[in-house]
Amino acid sequence: MKKRFWILLFAAVALFAVALPLKAISPYATWTLGPGGYLFRTQDAYTPLDEIQIDVSSPEDMILAPDGTLYIADTGNGRIIQLDDEFQVIAEYGADLLDEPTGVFVDEEGTIYVADAGSNTIVIMDHSGALINEFGRPDEPLYGEDRQFVPRKVMVDARRNLYVVSEGSVNGLVMLNIDGDFIGYFGANSAEMSIKMILQRLFLTQEQLDQFIRNESASPTNLAIDSQSLVYTITAGTERWQSIRKFTVSGRNLIDSVFGSNSFRDIHVSDEGLLAAVDSEGMIFEYDLDGTLLFAFGAPAAGDQRLGLMTNPTAIERVHDNLYVLDRDKNAIITFQVTDFARRVHDGVRLYTNGFYEEARPYFEEVLSYNGLVIMAYQALADADYNEEDYANALLNYRYAEDRHGYSEAFWEMRNNVLQEYLGAALGVLVVGWVSLGVFNRLERRRHWLDPVRRALHNLRRIRLIDDFAFMFRFIRKPVDSFYYIKQKERGSLLFALLIYAWVVISRIVSIYLTGFVFNRFSTTWEIQVEMEIAFTVVPLLSWVVANYLIATISDGEGSFKQVIIGSAYSLFPYALFALPIALLSNVLTLNEIFIYDFASQIVLFWCGVMLVIMVKELHNFTVSQTVRNILGTLFTMAMFLLTSYILYVLFNQLIEFIMAIVQEVGLRG
């Protein structure tokens, strides 16, 4: 009976499993950009749909034509093929004209533009495959006598201007007209200058510099053009946050930073406001048109044949909200189907991009109900709230979206409303308070009401720490005389100096937490690494004290080590006193008043610097020139401390790794 029960239970489970719809499990994780600029795991945006084998050899490019068919640059076979929606070859072009086509573009009229890297030419054919024009390297002097022309990709804008990715073109894209005449360069990347390069140019001769590789900007590796003729480029081998650029017609870049890849292969821009890019590792990145990352997914095919993994992707296209990726090594098109979750994001992005903020709100609210870490959703809701003049909610959503500019604008509106409502009453209170204070001061001078308080404070100054605290305010007004008292051991103590150092460290940490979101370099409190902030404060202070004393000792300075500790501490008193008030002030300022915050912060640092200079001069009894030499020597010694510490750290790590390797070897052989 028991055996029969288990048989029936197993049969019921099996029938239930068969009745359920089958769902493919993605062989990769999907990520979205969340708080702090970090990636967070999210629901699948796309799931692998199919892998279609194509009769091609090493294809390099693919484009969806306006008529809905796919064109592929069949590089290995020297041709362009056209596929219908069933991925069947319906036409072949350029078999007798092309050598190694690596880029293809098709316009509204069906004209085919091909970048033929094998023959270093641009080939233009009509919809039937008849040759319209063929041209190679531009002859114009402005192109550059030593510049090669190796066309890899080509795009055409609404004015029928050709934008060509020429391999090694450090000046950017090559702009040509349909006759092959050179128009100019467009969308050049900026060259990066490292500290090493700067030092080489300072100390090496021109002959020596000629032996090094020239510091030239990287050449764009692919491009796309949207319906408004804005040009998007990708550049492999650059920093990942600079890998995608968006240029206006005048050549101004609109994307300052993007969470991307340093090995992008292709980029596609849809009319619905979505941007997709694929890199050499098989990762697909999807953005809105401002470069905000929506999703990142994919993984390389590490020897297995799981659906959705790629080995050498070279092109990406969007077809009916699904993604098609061309894989060169597989000679196949891998298709990805959009999920309901991603479709809701896309619908919201389309409306948001076109300015329909309120209409996009339900989509993004639904997205956040599934995943509360999608930064783009908070940005859209914040803009919708701001547009509806709901500044309180806009402020909250801008904070979640980490949009400091939007937060500042919403806060300015809220502050303006508060000032209009309460400014008159506040001014009245201030006037009454000022008059009352004046009356009280005049009466107090006659009746001496505060004399008991003054006597009590005077008696408290007999306590050394309280006297040291009071001395700090005299120190601010008369620093030269105050350093003399420290040198003569009449004022100041080592204990109170250590308390000032602790005060500085605490002020540093607390001010980070209290600084307003608009001016805070941290978006969330969990990003703050307290131990690192303490180290960044304590290590420079400790290095300064030790280095200054050592340099002063070898240059006949009169100050003792204890006096240097006390004098340096009192020099930092302006920071200890004003760091927290400035942090609190930042909470009532907007970006329109950023000069107030920056000016106050810089004044405090400059004030501390001046105090340290006076300290060096007075404690060590230096002349002005000796003071300058001492400070420069101190800074150099601090740099040597840092360099030595780094070298010791590297050597210690290598020693640990060596010992661990020996232990592992002994364990394996044992």
Side-chain angles (χ1 to χ4, degrees), residues 33-38 40 241 253-259 288 290-293 352 357 364 368 372-423 426 506-530 532-533 536-537 574-607:
L33 190 65
Y38 296 98
F40 291 87
W241 57 84
N253 180 31
L254 299 178
I255 298 181
D256 295 327
S257 179
V258 65
F259 194 105
D288 69 0
D290 293 325
T292 301
L293 179 66
Y352 174 76
Y357 296 152
F364 288 115
L368 290 176
L373 295 174
V374 182
I375 289 291
M376 175 64 191
Y378 290 111
Q379 182 70 49
L381 293 178
D383 288 338
D385 291 330
Y386 186 87
N387 194 50
E388 294 294 318
E389 298 185 0
D390 185 1
Y391 301 121
N393 281 329
L395 202 70
L396 182 63
N397 285 318
Y398 277 130
R399 179 67 179 267
Y400 290 149
E402 300 176 2
D403 181 359
R404 287 172 170 79
H405 182 269
Y407 185 95
S408 174
E409 292 296 323
F411 181 75
W412 189 92
E413 296 289 350
M414 288 185 61
R415 190 184 65 181
N416 187 48
N417 293 337
V418 171
L419 289 176
Q420 289 180 354
E421 185 173 357
Y422 298 107
L423 182 60
I506 294 173
S507 297
R508 165 71 176 166
I509 301 302
V510 175
S511 65
I512 294 176
Y513 284 94
L514 294 182
T515 299
F517 172 70
V518 174
F519 303 99
N520 204 320
R521 58 191 176 93
F522 297 102
S523 299
T524 55
T525 55
W526 58 266
E527 295 180 62
I528 303 173
Q529 296 179 327
V530 177
M532 295 301 297
E533 296 298 329
F536 290 150
T537 307
Y575 179 86
L577 187 62
F578 292 105
L580 294 183
I582 292 175
L584 293 173
L585 176 66
S586 67
N587 289 274
V588 296
L589 299 177
T590 68
L591 289 176
N592 295 325
E593 299 92 31
I594 189 174
F595 71 93
I596 298 176
Y597 177 79
D598 289 342
F599 181 74
S601 301
Q602 293 167 5
I603 281 294
V604 169
L605 295 179
F606 177 76
W607 193 352

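Please read these numbers as outputs of a predicted model, since none were measured by experiment. Residues: numbered from 1 along the sequence shown.
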Residue pair Y400, N397: steps toward the side chain to side chain contact (heavy atoms under 4.5 Å, CB included) verdict: CA-CA 5 Å; Y400 290 149; N397 285 318; 4.1 Å; yes
Starting at [atom1] of [X], measure out to [atom2] of [Y] and round the result to the nearest 0.5 Å.
X    : Y    : atom1 : atom2 : result
L395 : E409 : CG    : CD    : 11.5 Å
L580 : L514 : CG    : CG    : 6.5 Å
T537 : M532 : OG1   : CE    : 11.0 Å
Y391 : N416 : OH    : CG    : 9.0 Å
N393 : Y398 : CG    : OH    : 12.0 Å
D290 : M376 : CG    : CE    : 7.5 Å

From CA spacing to verdict: side chain to side chain contact (heavy atoms under 4.5 Å, CB included), I582, S511: CA-CA 8 Å; I582 292 175; S511 65; over 6 Å; no
Can any side-chain N or O of [X] pair as donor or acceptor with the backbone N or O of [Y] at less than 3.5 Å?
X    : Y    : value
R415 : V588 : yes
D288 : G291 : yes
R404 : F519 : no

Side chain to side chain contact (heavy atoms under 4.5 Å, CB included) between T515 and F522, intermediate numbers included: CA-CA 9 Å; T515 299; F522 297 102; over 6 Å; no
Exercise: identify the closest heavy-atom pair between [X] and [Y]:
X    : Y    : value
G372 : Y378 : O-OH, 2.8 Å
A583 : N587 : O-ND2, 3.0 Å
V374 : L368 : O-CD2, 4.0 Å
F364 : A377 : CD2-CA, 3.5 Å
L591 : S408 : N-OG, 2.8 Å
A394 : A382 : CB-O, 3.7 Å

Please examine the side chains of [Y] and [X], heavy atoms only from C-beta on, and report whether any two atoms are closer than 4.5 Å.
X    : Y    : value
F536 : R508 : no
T292 : Q379 : no
L589 : V518 : no
D385 : L396 : no

Between N520 and Y513: side-chain donor-acceptor atoms closer than 3.5 Å: no
Mutual orientation of the aromatic rings belonging to Y357 and Y352 [parallel < 30°, tilted 30-60°, perpendicular > 60°]: tilted
Trace of the side chain to side chain contact (heavy atoms under 4.5 Å, CB included) decision for I603 with F578: CA-CA 10 Å; I603 281 294; F578 292 105; over 6 Å; no
Over 12 non-hydrogen atoms of neighbours within 6.0 angstrom of CZ in F599: no
